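Source: prediction; values computed, not measured. Worth knowing before you read on, the calculation uses all heavy atoms, side chains too, and leaves out hydrogens, waters and symmetry mates.
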Amino acid sequence: QVQVVESGGGVVQPGGSLRLSCVASGFTSDYYAIAWFRQAPGKEREGLSCIESSDGGTLYADSVKGRFTISRDNAKNTVYLQMNSLRPEDTAVYYCAADYSAGNVCSIRFEYDYWGQGTQVTVSS
C-alpha cells in the first residue's frame, strides 16, 4: 500500500520561506505523480502543484506561480515544495497526495488515491 507523509510546516512571518517535504513509499511502478494541496478554514481544498516521477513535468496553480517551486530527488520518491514570499492568505493545512500515473500530464484536481495527514503552515506577524 502506498503511504504518503508530509513534513516541514510551521510558523513564518510574511515574506518568509518554508520548504515542505513529501515522502511517498510503497509504489510498485516507477510511474507516479505527486501533488500538493491546501485547505484553509472555511475554504475549499485548493490544488497547488504537481510533478511526474518519470519526466519531471510540473503544473502550478495561478495562485502560487512565481512563488512556489516543486521538485523531486534522484530516488523519485521524495518531493519538495519550496514556498517563498509567503503571505497570510497562504495559511492553511498543506497536503501531499500521490497516485499511479500512465505518463499523462499530472493533475491538481482532487483525484488522488493516497493522501498524507497534512502539515500546518501559518503565516503571521
Side-chain angles (χ1 to χ4, degrees):
Q1 186 71 239
V2 174
Q3 291 185 304
V4 182
V5 180
E6 314 98 327
S7 63
V11 180
V12 65
Q13 292 184 318
S17 298
L18 284 174
R19 189 180 74 164
L20 305 182
S21 299
C22 174
V23 178
S25 61
F27 280 102
T28 58
S29 170
D30 290 337
Y31 299 97
Y32 59 92
I34 294 180
W36 287 97
F37 298 82
R38 69 184 179 189
Q39 188 164 23
K43 295 185 177 181
E44 296 180 346
R45 187 164 296 189
E46 177 186 16
L48 303 176
S49 183
C50 65
I51 188 167
E52 293 280 346
S53 66
S54 56
D55 62 5
T58 60
L59 180 67
Y60 294 93
D62 288 341
S63 60
V64 302
K65 284 181 179 178
R67 298 191 299 126
F68 292 8
T69 302
I70 192 168
S71 62
R72 59 183 171 89
D73 70 0
N74 292 333
K76 300 183 179 180
N77 67 345
T78 301
V79 169
Y80 306 96
L81 185 68
Q82 178 67 46
M83 306 187 295
N84 299 325
S85 302
L86 285 165
R87 308 162 181 166
E89 53 263 41
D90 293 319
T91 296
V93 177
Y94 284 69
Y95 296 91
C96 182
D99 211 343
Y100 288 100
S101 171
N104 298 321
V105 176
C106 65
S107 171
I108 53 174
R109 291 162 32 173
F110 312 146
E111 60 187 25
Y112 288 79
D113 286 342
Y114 308 102
W115 292 78
Q117 81 289 347
T119 184
Q120 177 70 47
V121 172
T122 301
V123 184
S124 176
S125 60

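For F68 and W36, the gap between ring centers reaches or exceeds 6.0 Å.
Note on V79 and V121: same hydrophobic cluster, where clusters join Ile, Leu, Val, Met, Phe, Trp and Tyr whose side-chain heavy atoms are under 4.5 Å apart, directly or indirectly. With hydrophobic clusters built from ILVMFWY side chains whose heavy atoms lie under 4.5 angstrom apart, L86 shares a cluster with L48. Linking Ile, Leu, Val, Met, Phe, Trp and Tyr residues whenever their side-chain heavy atoms come within less than 4.5 Å leaves I51 and Y80 in two separate clusters.
Distance check: T78 OG1 to I34 CD1 gives 7.5 Å after rounding to the nearest 0.5 Å. Between the CG atom in N84 and the CG atom in L18 there is a gap of 9.5 Å [rounded to 0.5 Å]. Atoms CZ and CD, from R38 and E46 in turn, are 4.5 Å apart once rounded to the nearest 0.5 Å. Taken to the nearest 0.5 Å, the CZ atom of R109 stands 11.5 Å off from the CG atom of L59.
No donor-acceptor distance shorter than 3.5 angstrom exists from the side chain of N77 to the backbone of S25, with no hydrogens or angles considered. Under the 3.5 Å distance criterion, the side-chain polar atoms of Y100 are matched with a main-chain donor or acceptor of T28. The backbone N or O of S7 sits nowhere less than 3.5 Å from a side-chain atom of T119 that would complete a donor-acceptor pair. In this structure, S53 contributes its side chain and A33 its backbone to no donor-acceptor pair below 3.5 Å. A side-chain donor-acceptor contact under 3.5 Å links E6 to the backbone of C96.
Between Y114 and D99, the shortest heavy-atom contact is CE1-OD1, 4.1 Å. Nearest heavy-atom pair, L81 versus S49, reported as atom, atom and distance to 0.1 Å: CD1-CB, 4.4 Å. Counting all heavy atoms, side chain and backbone alike, A97 lies closest to Y112 at CB-CB, 3.6 Å. When all heavy atoms are compared, the tightest approach of E52 to C106 is OE2-N, 3.0 Å. Minimum heavy-atom separation, A24 to F27: CB-CE1, 3.7 Å. Here the shortest heavy-atom pairing between R67 and S85 reads NH1-O, 3.1 Å.
Shown here is Q117, whose CD atom has more than 12 heavy atoms of other residues, nucleotides or ligands within 6.0 Å.
The aromatic rings of F37 and W115 sit tilted relative to each other, their planes meeting at an angle between 30° and 60°.
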Next on the checklist: For a side chain to side chain contact (heavy atoms under 4.5 Å, CB included) check, start with the C-alpha distance between V12 and S17, then their side-chain angles and the critical distance, and finish with the verdict.
Outcome noted: CA-CA 7 Å; V12 65; S17 298; over 6 Å; no
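Taking the side chain as every heavy atom from C-beta outward, L20 and M83 approach each other to under 4.5 Å. The shortest distance between side-chain heavy atoms of Y60 and I70 falls below 4.5 Å. Between Q120 and V11, every side-chain heavy-atom pair lies at or beyond the 4.5 Å cut-off. No side-chain heavy atom of S107 sits under 4.5 Å from any side-chain heavy atom of C50.
Salt-bridge check for D90 with R87: failed, with every basic side-chain N at 4.0 Å or more from each acidic carboxylate O.
With a 6.0 Å cutoff to the six-membered ring centre and a 45° limit on the axis angle, R45 does not count as a cation-pi contact of F110.
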